[in-house]
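Below, chain A is the first sequence line, B the second, and so on; all start at residue 1. Small disclaimer: the values here were computed from a predicted structure and weren't measured.
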Amino acid sequence: MAEMRLLDAIRLGMYEEMKRDARVLVLGEDVGIKGGVFGATDGFYAEFGEARVLDTPLAESAIVGAAIGMAANGLIPIAEIQFSDFIHPAFNQIVSEAARMRYRSNGAFGCPIVIRAPYGGGVEVHGGLYHSQSIEAFYTHVPGLKVVTPYTPYDAKGLLKAAVRDPDPVLFLEHKRLYRALRGEVPEDDYVVPIGPAMVRRQGTMLSVFAYGQMLHETLQAAERLAAEGIDAEVVDLRTLRPLDTETILTSVRKTNKAMVVYEDNRFMGFGAEVSAIIAEEAFDSLDGPIVRVAGLDVPAMPYSDPLAAAFIPTADKIAGAMRRLAAY
Amino acid sequence: MAEMRLLDAIRLGMYEEMKRDARVLVLGEDVGIKGGVFGATDGFYAEFGEARVLDTPLAESAIVGAAIGMAANGLIPIAEIQFSDFIHPAFNQIVSEAARMRYRSNGAFGCPIVIRAPYGGGVEVHGGLYHSQSIEAFYTHVPGLKVVTPYTPYDAKGLLKAAVRDPDPVLFLEHKRLYRALRGEVPEDDYVVPIGPAMVRRQGTMLSVFAYGQMLHETLQAAERLAAEGIDAEVVDLRTLRPLDTETILTSVRKTNKAMVVYEDNRFMGFGAEVSAIIAEEAFDSLDGPIVRVAGLDVPAMPYSDPLAAAFIPTADKIAGAMRRLAAY
Amino acid sequence: MAAPDIKAAQTRHEALGLTRDDLLEMYSYVALARAIDERMWILQRAGMVSFVISGQGHEGAQVGIMWAVDRERDWLVPYYRSLAACLTKGMSARDLMLGLFAREADPSSGGRQMPAHWAHPAHKILSTSSPVGTQYLHATGIAYAAKVRGTGEVCVTSVGEGGTSQGDWHEALNFAGVHKLPVLFCVENNRYAISVPTRLQFAVQDVAVRAAGYGFPGIVVDGSDVLACYAVAREAVRRARAGEGPTLIECKVERLTAHSSEDRQEKYRPTADVEAGRSKDPLVVFKHYLEQVSVMDEAPYTDIHGRIKTIVNDATEHAEQAPWPDPSTVTRHVYHEG
Amino acid sequence: MAAPDIKAAQTRHEALGLTRDDLLEMYSYVALARAIDERMWILQRAGMVSFVISGQGHEGAQVGIMWAVDRERDWLVPYYRSLAACLTKGMSARDLMLGLFAREADPSSGGRQMPAHWAHPAHKILSTSSPVGTQYLHATGIAYAAKVRGTGEVCVTSVGEGGTSQGDWHEALNFAGVHKLPVLFCVENNRYAISVPTRLQFAVQDVAVRAAGYGFPGIVVDGSDVLACYAVAREAVRRARAGEGPTLIECKVERLTAHSSEDRQEKYRPTADVEAGRSKDPLVVFKHYLEQVSVMDEAPYTDIHGRIKTIVNDATEHAEQAPWPDPSTVTRHVYHEG
Ligand SMILES: Cc1ncc(C[n+]2csc(CCOP(=O)(O)OP(=O)(O)O)c2C)c(N)n1
Ligand SMILES: Cc1ncc(C[n+]2csc(CCOP(=O)(O)OP(=O)(O)O)c2C)c(N)n1
Ligand SMILES: [Mg+2]
Ligand SMILES: [Mg+2]
C-alpha cells in the first residue's frame, strides 16, 4: 500500500482503467506528450499512444461533444477540461446533450463519459478570476449528470474508477489545492469508491458541518481547534454532490440538532443552498438553531492579487468562528 | 390606460425605449421582418430599420458576445434568445464575459445589455425537452448579472424599461404561458418598475408562499381556493431573482411563521433552494414549520407527450395540497 | 437545372450502376417520405397532433445520400428535417407516426421529444436534441470511435444552412479534418433559417467552400437531383472508408412549406419565391427523370402510390390507437436502470 | 525569410512612406516590449511575482500592425501575448508592471486579473478574460457599433492559432463578414498551443485560408518582418475604413519562451525547434534591417537601449513600491456604483 498525493491517485486510477479496458481513452488539451498541465496523464502518451491519449484542438465544446459521440459508438472517454473555468463553452454539450441522451431516447442510448476538471482557488493558487472557480453549483442542478469531488487520495482513485465504470456522464471535480497538499494511503488493488455515499470524517455531537474538497480540509482543521475548546463537531464529507446522500446528512443533523455547510463557491445559489433547503424541509423538527452557510463572497470570482484573494475565501479561522457561534446558539 | 397582454407590454416597453434612445437596438434570430417567433418585435423592422433590428446568424454565443462589444462601444443592445433552452451556447459569454466585465476591469468598463429569453412550459406549450425549460437557477448564481421575470403586464413593461436603462447586464425571463394568458392595465406613460423589490400579491397571515412567473399564477389560484377553506396565505411575487429582495421575504415569514417556495424548474438546486436557505439562516426563530419546496421533477426537462408533461409540472392542485399540509403543521 | 436529355440521362443512372429497380425503390422512398409528411400536416391542421416540422423539398437529397451508405453498418445523426433519411436508413412509417403522436411505443423517445427528433438504436440512428448544430460533434465522435476501433463504419450527419453559423459546426469540421475521420457532413441549404435569409447568415454563396479551411473537399450539389446527390455521397463514402477523411456536402434544396406548423412564412417570404421553389421539388424532378428514361409510367406509378397510401393509412391508424405513455414513467431513464 | 538586400530594403520602408524616425520609433517599441518582458521573467524567477506569460517573439508583428491604426481613434481587443501591442497603443511600462505586481493602481484590473490581462479605457483597449477566443466576438460587436454609429473606428483583435479552434472564433468571423465590419482579426501563429502542435490543431497549413469561407481576405505574413506586418495591416485598415469589411491576418511568429512560467517546454519541444525559432526573433531581424539601411548604428542603439533600461527600472521600482489593493475593496464593482 503506497502513500501518494491526490494527483497521483487520480493518475493511477486512470492508468488502471486504461490498462483494464481498451475502450477507455483520455482526451483534452495538452494531455498528450506534456501529460496535462498538472501532470494527471503523465506518461500515458508513451504507454497508450496517440489514439487513446488525444491532444484535442483548443475547443471545450468539441472535447465534450466528440466524447458523447465516442461513447455512443463504444468507447469510454475521459475528457480533461484543463481548468474548470474553461468548461463553460461546453455547457450546452454537457447540459443539453450528455445529461439528456438517456432520458430523451427513453433509455435507448447512454452516455458513459467522465469529465475531469481541476477547480478551486486560494492565495497559493494565484489563479485569479479565471483559474480559481468552483463550478459545482451549475452542474449539480442538472438531472442526468453525476457530480463527485474527492478529498482523500484513497477516494480519488476509487471514485475515478467508479466514474469510468458508470454508465452515465460523471463530472469529476478535483480541487487544485488538494493535488499536492496531502498524502494518503492508496491500495494497489482494484477497488472502487461508489458514487453516492457521503462519509463522516469526524464523529461529533454538538453540530454537523457538511463540506467537500478544500473546504472540508479547512473545516476539519477548524473542528480540531474547537475540540480543544470543548466543542465537539461532526464533519461530513459529501464527496458525491449529485446524487446527494440525503440520508447521511439528515441522520447527522438529527443527532447533533445543528447544521452548517461550508463551500468555497459564491454563496448565493451555491451548493450549500440545496443542503440547507433539504435540512430545513426534512429535519426541521430536529433543528435547535439556524442552518448556517459559510461560503465564498458574492463577487464574480477570486481576484488574483493576494490581499483580495485572501478576502474572498473561507478559511479555517472564519469557519471556526461560525461554528463557535452556532454551537453557542 | 390600455388593457394588454404580457407580450404586448414587453413589445411596448422595447418600442418606447428604442424611440427614446437611439443607442438601443434589438438583435437575435428572426427578430427582423418576422418580428420574432412570438412577435415581441413585430413591426420594429419597418419602423427602426435593419441596423437596429438585426436578424443575426444562428449563433447564440455570437448574439451575446457581439452585444457585449456593442455595449462597450456605446450601444444598448437587447438580445433576444429565441427560447431560453437555446441560451446555453452563450453560457460562457454571459458568465465569463458579460457578468465580469465591470468587476475584472475594476469598474472601468461596463456591460449594459439586456438578454430576453422566453422560458417555461406546460401541457399547452407542447415544448418538450427543449422548448420548456426554466433557466434561472444557472444564472441567478452569477454575481454581476441581474435576473428578472415579470408576472403582470404592468411589471413587464416597467421592468423591461428598467432593464434597458440598467448599467449592468440583465437577464429578462418571460414565461411563455403568461404571454397571452392574462391581460392587465398598462399605462402609456414612461414609468419603470425598479429591479430589486419583490411584491406582495396577496396579503395573508397563516403562511408565506414565494413564487414567480407562471408558478405565481398557480399559487395565487391555490391561495384563493384555500381562503375559502379558511386558510389565509400570503403570496409574494419575487419578480427580481437577483439581486433578491431578502427583506420582503423575511418580513413576510416573520409575520406568518411558515414558508413555502414554488418553482417550475427542477427541484434540486433550483432557485427555491436559495430562498429556503436564506429563511433557514435568517428567520429560523420565526419558523413554526419546515420550509416547503414545491417544484418540477428532477428529470432533465418536461417531456412532450401530454401525460408526461402533466406529470412533470406543479399545478394549483399540487400547490394547494402542500399549502394545506403546511398550514396544518 | 434543366431536365437532362434522355441519352445523357440514361447514361447517368447506368453510369452510376443503378438498376431500374434501384430507381423505383429510390423513388418510392422519396414519395413515401412526402406522403407521410403531407399526412402529418393534415393531422396537425385537424388538431389531432399539436406540432409538425417538415422535410418537404429535402427528400431527394436525403434519399440520394443515404443510398450511398451501408444501411446496416453505417451511422446516421439526423436533424429535424431528416424524415426521408431516417426512412431510408430503416425506420418504418409506423415508427415515424408514433413519434408524431408522441405515444409510448415511439422508438425515438417514447413521446418525450417533440416530433421530428428521430432516433433508433437498431438502425444506428443517434438520438438528437433541438439545439441546432450540436449533432455535428456527435457524428465526429462516432467517426473517431469507428476509426480507432477499426469498424469501417461511416457516419452521416446533417444540418440546415443556418446551423453552419454555430460554433459547434466549426469545431466539428476542424476536429474531423485533423483526424481524417469517416464522416459525411451534409448541409441542407434551403435558403432560410426560419425567416432569416442566407444573405444575413453568411457572406458566401456556397458554404461548402469552407471545407478548404478544414483540409477536405466541399461539394455543392443540386438537392432536387437524387442521382447527383447519390453520386456525390458515393464518392464521399468511398473517401471515408479509404481513410481519406470527411467530405462537406452542401445540398441546395427548397423548403416547400413554412418552417413548421408554428410559422407563417407569408410574412417574410414572397409568394414568387415559394412558387419558384416548386420547380425544385425532388419528387417532381425525379419522376420526370424516370419518365424520360421510361422507368416510370402508369403501372408502377399507380402501384407505388397505392402501396404508399396503404402504408400511410396503416401507420396513422396504428399510431393513433397506440397507448399514451404512462405518467408514472416520467421519472424513468434519468440514469441507467441497473 | 532571407534578409532583403539593401536596394530593395530601402525602397521597402520608403515605399511604405516610413521615415527614418518612424523606423527608430518602431524599433524602440519592439525593444521596449522585449526589455519589459525579459524583466518580468527575471522578477518571476526571483520570486518577486508569481506568474508571467510572455510575448517574446510576437513583438514585431504587434508593433507592425498597431503602427497602421489610429492610436487615439481605434480599438484594441488584445490577448495575453499583446504586450507590445498595448505599449504601442499607449499603455506605459508602469501600467504593465503594475499589472504584473497586481497592485491597486494597475489600470487593467486593479490587480484583480492575472498578469497579461491588459485593458485601458483611455487608450480604448478593452478588458479581456482568460477563456481563449471570446474576445473575437467583442471586437465584432465594437466594430458593429462603429459602423452603425458612423464613428469611423477600426477594431484590432488578436488570438493565438490554437484559439482559432474555438466556436466563438468562427461565429465572430461569420458575423463580421455578413456585415462587412471594420475589424482586423489577427492570428499570431507560433505553432504551439501550450504543447499542442498545429498538426493536431487544424488540418491546413495556413489558417488564413479560412477567410474565404467568410467572404473576406485572409493574409499570411512573416511576423518577424515588422514592415511586412505594417504593410498588410495598413491595407486592412484602409479596407475597414472604406467599408470593405474585415481582414484575417495570420502572422507566423515564434514563441521564444515556454508557454508561461508554469510551463516546461523541454518536455514537448525539441531544442532544435526552439533554436530554429531564434532566427525569427523580430528584434534581431528588424535591427539587422535597420543596420542594412543604415538607420541603426552605434549611437541610436546605445541611446535607445539606454532609455529603455531607465524606463524598465523606473517601472519596476514604481510597481514594486505601489500599494496593494485594500482587501475591503474586494466587493466593489460587481455592479455599477451609482
Ligand atoms: C441553438 C438553437 N437556436 C435556435 C433554435 C430555434 N430554431 C429552430 S430551427 C431554426 C432555424 C434553422 O435553420 P436552418 O439551420 O437553416 O435549418 P432549416 O430549418 O432551414 O432546415 C431555429 C433558429 C434552435 N433550435 N437551436
Ligand atoms: C477556453 C480555454 N481553454 C483552455 C485554456 C487554457 N489555455 C491557456 S493558453 C492555451 C493555449 C493557447 O494557444 P494559442 O491559442 O496558440 O495561443 P498562444 O499561447 O500559443 O499564443 C490554453 C489551452 C484557456 N485559457 N481557455
Ligand atoms: Mg435553412
Ligand atoms: Mg500558439
Side-chain angles (χ1 to χ4, degrees), chain A residues 22-23 25 27 49-52 54-77 79 89-90 92-113 142-146 166-170 195 242-243, chain C residues 75 77 104 106-113 117 119-122 124-131 133-149 151 153 155 157 166-168 170-172 174-179 181 183 325 329-338:
Chain A
R23 297 171 304 168
L25 77 163
L27 70 159
E50 191 164 280
R52 288 180 68 197
L54 177 58
D55 272 331
T56 64
L58 208 176
E60 286 71 16
S61 190
I63 292 170
V64 175
I68 292 167
M70 292 175 191
N73 198 16
L75 298 179
I76 300 175
N92 190 46
Q93 283 289 348
I94 297 170
V95 174
S96 303
E97 305 299 332
R100 297 189 183 179
M101 183 62 76
R102 190 179 300 283
Y103 191 77
R104 78 183 184 214
S105 65
N106 207 22
F109 291 96
C111 188
I113 69 174
V142 181
L145 210 60
K146 296 182 179 182
D166 197 284
D168 291 305
V170 178
I195 293 176
R242 180 169 197 135
Chain C
W75 281 86
V77 183
E104 183 177 20
D106 160 33
S108 299
S109 76
R112 290 173 172 204
Q113 293 226 68
H117 289 64
H120 204 300
K124 297 172 88 166
I125 300 172
L126 186 67
S127 168
T128 54
S129 65
S130 304
T134 54
Q135 71 274 19
Y136 256 51
L137 281 167
H138 307 159
T140 298
I142 285 173
Y144 185 85
K147 184 185 177 188
V148 300
R149 292 176 53 215
T151 62
E153 297 161 300
C155 185
T157 190
Q166 284 287 356
D168 279 5
H170 164 71
E171 296 187 15
N174 184 50
F175 194 114
V178 167
H179 296 285
L181 300 182
V183 55
T329 62
V330 68
T331 52
R332 294 196 57 191
H333 304 302
V334 176
Y335 297 100
H336 176 71
E337 298 180 350

Under 4.5 Å from a heavy atom of chain C, the part of A:Asp166 involved | neither
Could you have a look at C:Thr151, C:Thr128, C:Asp106 and say which one has the most heavy-atom pairs with chain A under 4.5 angstrom?
-> C:Thr128
Of all of C:Gly167, C:Ser127, C:Ala145, C:Gly110, which one pairs up most often with chain A through heavy atoms under 4.5 Å apart?
-> C:Ser127
On a heavy-atom basis, the closest approach of C:Lys147 and C:His179 is NZ-O, 2.8 Å
Partner set under side chain to side chain donor-acceptor pair (under 3.5 Å) for C:His117, not counting sequence neighbours | C:Ser130
Are the side chain of C:Arg112 and the backbone N or O of A:Asn106 linked by a donor-acceptor pair below 3.5 Å?
-> no
State, with a plain yes or no, whether a side-chain heavy atom of C:Gln135 is found less than 4.5 Å away from one of C:Leu126.
-> no
Counting heavy-atom pairs under 4.5 Å with chain A, the top scorer among C:Ile142, C:Val77, C:Thr329 is C:Ile142
Ranked by heavy-atom pairs below 4.5 Å to chain A, first place among C:Pro121, C:Cys155, C:Ala172, C:Ala139 goes to C:Pro121
Ignoring hydrogens and angles, tell me if any N or O in the side chain of C:Tyr144 forms a donor-acceptor pair with the backbone of A:Ala51 under 3.5 Å.
-> yes
Against chain A, label C:Val334 side chain, backbone, both or neither, depending on which of its atoms sit under 4.5 Å from a heavy atom there.
-> both
Which atoms of C:Ala176 approach chain A - backbone, side chain, both or neither, heavy atom under 4.5 Å = neither
Could you tell me which non-hydrogen atom of C:Glu153 sits nearest to which non-hydrogen atom of A:Asn73, and how far apart they are?
-> OE1-ND2, 3.0 Å
Which atoms of C:Val330 come close to chain A, meaning under 4.5 Å heavy atom to heavy atom: side chain ones, backbone ones, both, or neither?
-> both
Cut-off 3.5 Å, no hydrogens considered: what does the side-chain donor-acceptor table look like for residues 61-72 of chain A, sequence neighbours left out?
| unit_1 | atom_1 | unit_2 | atom_2 | d |
| --- | --- | --- | --- | --- |
| A:Ser61 | OG | C:Asp168 | OD1 | 2.6 |

Is chain A contacted by the side chain of C:Arg332, its backbone, both, or neither, given a heavy-atom distance below 4.5 Å?
-> backbone
Non-hydrogen atoms of chain C under 4.5 Å away: do they reach the side chain of A:Leu25, the backbone, both or neither?
-> side chain
One option among A:Gln93, A:Met101, A:Arg52 has the most heavy-atom pairs under 4.5 Å with chain C, and it is A:Gln93
Under the side chain to side chain donor-acceptor pair (under 3.5 Å) rule, what do C:Gln113 and C:Ser108 come out as? Steps first, then yes or no, please.
-> CA-CA 8 Å; C:Gln113 293 226 68; C:Ser108 299; over 6 Å; no
